[in-house]
Amino acid sequence: MLKALIVGASGYAGAQLAFYLSKHPHIEIAGLTVSEKSADAGKLLSDFELHPQLKGLVDLPLLPMADYTAIIQDIDIVFLATEHSVSHDIAPYFLEQGCIVFDLSGAFRVNSLGFYTEFYGFNHQHQTWLDKAVYGLAEWNDKLIKHAQLIAVPGCYPTAAQLPLKPLIAEGLLDDTQWPVINAVSGVSGAGRKASLKNHFCEVSLHAYGLFSHRHQPEIATHLGQEVIFTPHLGSFKQGIHATITCRVKDGVTTDDILAALNKYYAHKPLVRVYQQGWPALKSVVGLPYCDIGFALKDRHLILISVEDNLLKGAAAQAVQCMNIRFGFDETTSLI
Ligand SMILES: NC(=O)C1=CN([C@@H]2O[C@H](COP(=O)(O)OP(=O)(O)OC[C@H]3O[C@@H](n4cnc5c(N)ncnc54)[C@H](OP(=O)(O)O)[C@@H]3O)[C@@H](O)[C@H]2O)C=CC1
Ligand SMILES: CC(=O)N[C@@H](CCC(=O)OP(=O)(O)O)C(=O)O
């Protein structure tokens with residue numbers, strides 16, 4: 001059995017990770033941690049005020065992240081389900097101890113120091129680890145993930161945006177003079193568990209945010225190798241991302257070409273489901289680890305629809321998928 005630690009276990013992504021790991025036949029949860037002064041330190045993760053859905057499944061205490069050396073004993077794998085700057089600060093410690101680290105934050109996703117100053121508001125101090133980090137878009141980077149020590153699990157919006165576009169770019173079907181336009185709506189859990197007026201459920205109706213400035217735009221563009229226009233929206237539902245992506249295809253490209261490209265890359269990838277006709281709705285993926293993709297083509301105008309659960313394929317499920325790939329387990333172990 002491999003021993004895994006989840007840092008930030010009381011958060012939305014951390015609790016989902018704990019659920020998956022509790023079912024995993026090759027993983028033992030060796031520790032669940034929160035911040036040193038967390039109000040939840042000492043409680044069980046399944047406490048009635050935290051994640052009672054895990055009662056009887058993960059009745060483990062949340063340890064305050066005070067003494068790293070005590071926590072790190074015999075740990076093979078660390079999941080960082082923490083805010084970007086926290087992951088940035090603590091990942092090197094675990095890496096230097098030889099742990100395999102899966103970071104769910106954005107702290108190691110783009111290899112550019114300036115990107116962090118501009119979009120994350122902190123100066124990145126770990127160029128060496130940025131150089132070594134592998135971007136965990138599981139369906140596309142499995143060969144690199146297999147040998148990585150630090151896996152930067154993609155953002156929730158970037159996963160939903162890139163999975164439908166990548167096959168079309170790889171097959172040269174898009175007219176690259178027109179940037180794909182990605183409009184995506186996320187549920188409120190995308191903003192994490194900590195309450196604020198901005199993501200207070202009663203205050204949210206449906207609004208766009210981060211116009212031309214959201215940090216996921218450069219993440220998407222970097223890993224697609226294609227500029228995009230990306231506009232995130234917040235909707236009044238709990239979980240899920242629905243992305244509508246409008247692009248222009250090259251002259252002569254047909255519906256069959258689009259379908260053939262999607263099937264070529266995903267027919268044997270169990271966590272991406274391509275609709276052979278029609279397109280998916282959010283309800284088909286909420287609570288499940290899939291990204292579902294459909295499309296419609298009219299003349300040279302293509303609309304791609306992709307849906308995922310932001311906390312699952314957009315975070316915890318993709319992290320576990322990466323771990324399964326990294327350690328040679330079946331990709332879907334404990335996920336489906
Ligand atoms: N929510 C989503 O849809 C997605 C989230 N992500 C990323 O995953 C990460 C976690 O997100 P999410 O679960 O939503 O966040 P939450 O705010 O729900 O949870 C954050 C967790 O981190 C803990 N924490 C805070 N500071 C520290 C610290 N210094 N040391 C240890 N633990 C700490 C919090 O507990 P406490 O404050 O009590 O210490 C809590 O357990 C973020 O980087 C986010 O960007 C990625 C994709 C999707
Ligand atoms: C609805 C909402 O607020 N979503 C978050 C993105 C989700 C997230 O946690 O960011 P990462 O995927 O980069 O880790 C945001 O827009 O900042």
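Start at 1 and go down the list; that is how both ligands and their atoms are numbered.
Protein heavy atom in closest approach to atom 2 (C) of ligand 1: L311 CD2, 3.6 Å. Among protein heavy atoms, the minimum distance from atom 13 (O) of ligand 1 is reached at A13 N, 2.8 Å. In terms of protein heavy-atom proximity, atom 29 (N) of ligand 1 is closest to V86 CG1, 3.6 Å. Atom 26 (N) of ligand 1 has its closest protein heavy atom at S35 CB, 3.7 Å. Regarding atom 43 (O) of ligand 1, its nearest protein heavy-atom neighbour is T82 O, 2.6 Å. Scanning all protein heavy atoms for the shortest distance to atom 16 (P) of ligand 1 gives R193 N, 3.6 Å.
Side-chain rings of H207 and H233 stay apart, their centers remaining 6.0 Å or farther from each other. Aromatic pair H124/F108: centroids less than 6.0 angstrom apart.
Closer than 4.0 angstrom to ligand 2 sit non-hydrogen atoms from H84, L104, R109, G155, C156, Y157, S186, G187, G190, A191, Y209, H214, R215, H216, L234.
Remark: side-chain polar atoms of K166 are paired, donor with acceptor, to backbone N or O of H223 under 3.5 angstrom. T222 places no side-chain N or O within donor-acceptor distance of the main-chain N or O of V110, the cut-off being under 3.5 Å.
Inclusion of G8 in the set of residues having an N or O under 3.5 Å from an N or O of ligand 1 is warranted. Backbone and side-chain nitrogen or oxygen atoms of R215 are examined, and none is located within less than 3.5 angstrom of a nitrogen or oxygen of ligand 1. Taking only nitrogen or oxygen atoms, main chain and side chain alike, G11 reaches within less than 3.5 Å of ligand 1. At under 3.5 Å, not a single nitrogen or oxygen of A39, backbone or side chain, sits near a nitrogen or oxygen of ligand 1.
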**Prompt:** Going through the checks in order, is the salt bridge (charged side-chain N to carboxylate O under 4.0 Å, His left out) test met by D142 and K269?
**Reply:** CA-CA 11 Å; D142 53 345; K269 298 288 181 187; 3.6 Å; yes

**Request:** Could you walk me through whether Y135 and E219 pass the side-chain hydrogen bond (donor to acceptor under 3.5 Å, both in side chains) test, one step at a time?
**Result:** CA-CA 10 Å; Y135 190 63; E219 182 184 328; 2.6 Å; yes

**Request:** Go through R273 and D292 one step at a time and tell me if the salt bridge (charged side-chain N to carboxylate O under 4.0 Å, His left out) criterion holds.
**Result:** CA-CA 5 Å; R273 302 186 297 194; D292 284 3; 2.8 Å; yes

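Taking 4.5 Å as the limit, some side-chain heavy atom of Q318 sits within range of a side-chain heavy atom of L137. No side-chain heavy atom of V272 sits less than 4.5 Å from a side-chain heavy atom of Y290. Contact of the Y209 side chain with the L234 side chain is registered, since non-hydrogen atoms from C-beta on lie closer than 4.5 Å.
Across E331, H24, H26, a single residue satisfies side-chain hydrogen bond (donor to acceptor under 3.5 Å, both in side chains) together with N324, and that is H24.
Residue A81 places a heavy atom under 4.0 Å from ligand 1.
Counting protein heavy atoms under 4.0 angstrom from atom 21 (C) of ligand 1 gives one or more.
Applying the 4.0 Å criterion to heavy atoms of A315 picks out, from ligand 1, the atoms 47 (C), 48 (C). Near G314, meaning under 4.0 Å from any of its heavy atoms, are these atoms of ligand 1: 47 (C), 48 (C). Near N310, meaning under 4.0 Å from one of its heavy atoms, ligand 1 places the atoms 2 (C), 3 (O), 48 (C). Atom numbering of ligand 1 starts at 1 in the shown order; those under 4.0 Å from a heavy atom of S105 are 43 (O).
Contacts between E36 and ligand 1, counted as non-hydrogen atom pairs separated by less than 4.0 Å, are absent for every part of the residue.
More than 12 heavy-atom neighbours from other residues, nucleotides or ligands sit within 6.0 angstrom of CD on Q276.
Of the candidates G192, S38, G14, it is S38 that places a heavy atom closest to atom 38 (O) of ligand 1. Of all the listed residues (L312, L104, D309), L104 holds the heavy atom that lies closest to atom 6 (N) of ligand 1.
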Listing, residues 33-45 side-chain donor-acceptor contacts under 3.5 Å, not counting sequence neighbours, or none:
{"unit_1": "S38", "atom_1": "OG", "unit_2": "D40", "atom_2": "N", "d": "3.0"}
{"unit_1": "D40", "atom_1": "OD1", "unit_2": "K43", "atom_2": "NZ", "d": "2.9"}

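A salt bridge links E171 with K264; the closest basic N to acidic carboxylate O contact falls under 4.0 Å.
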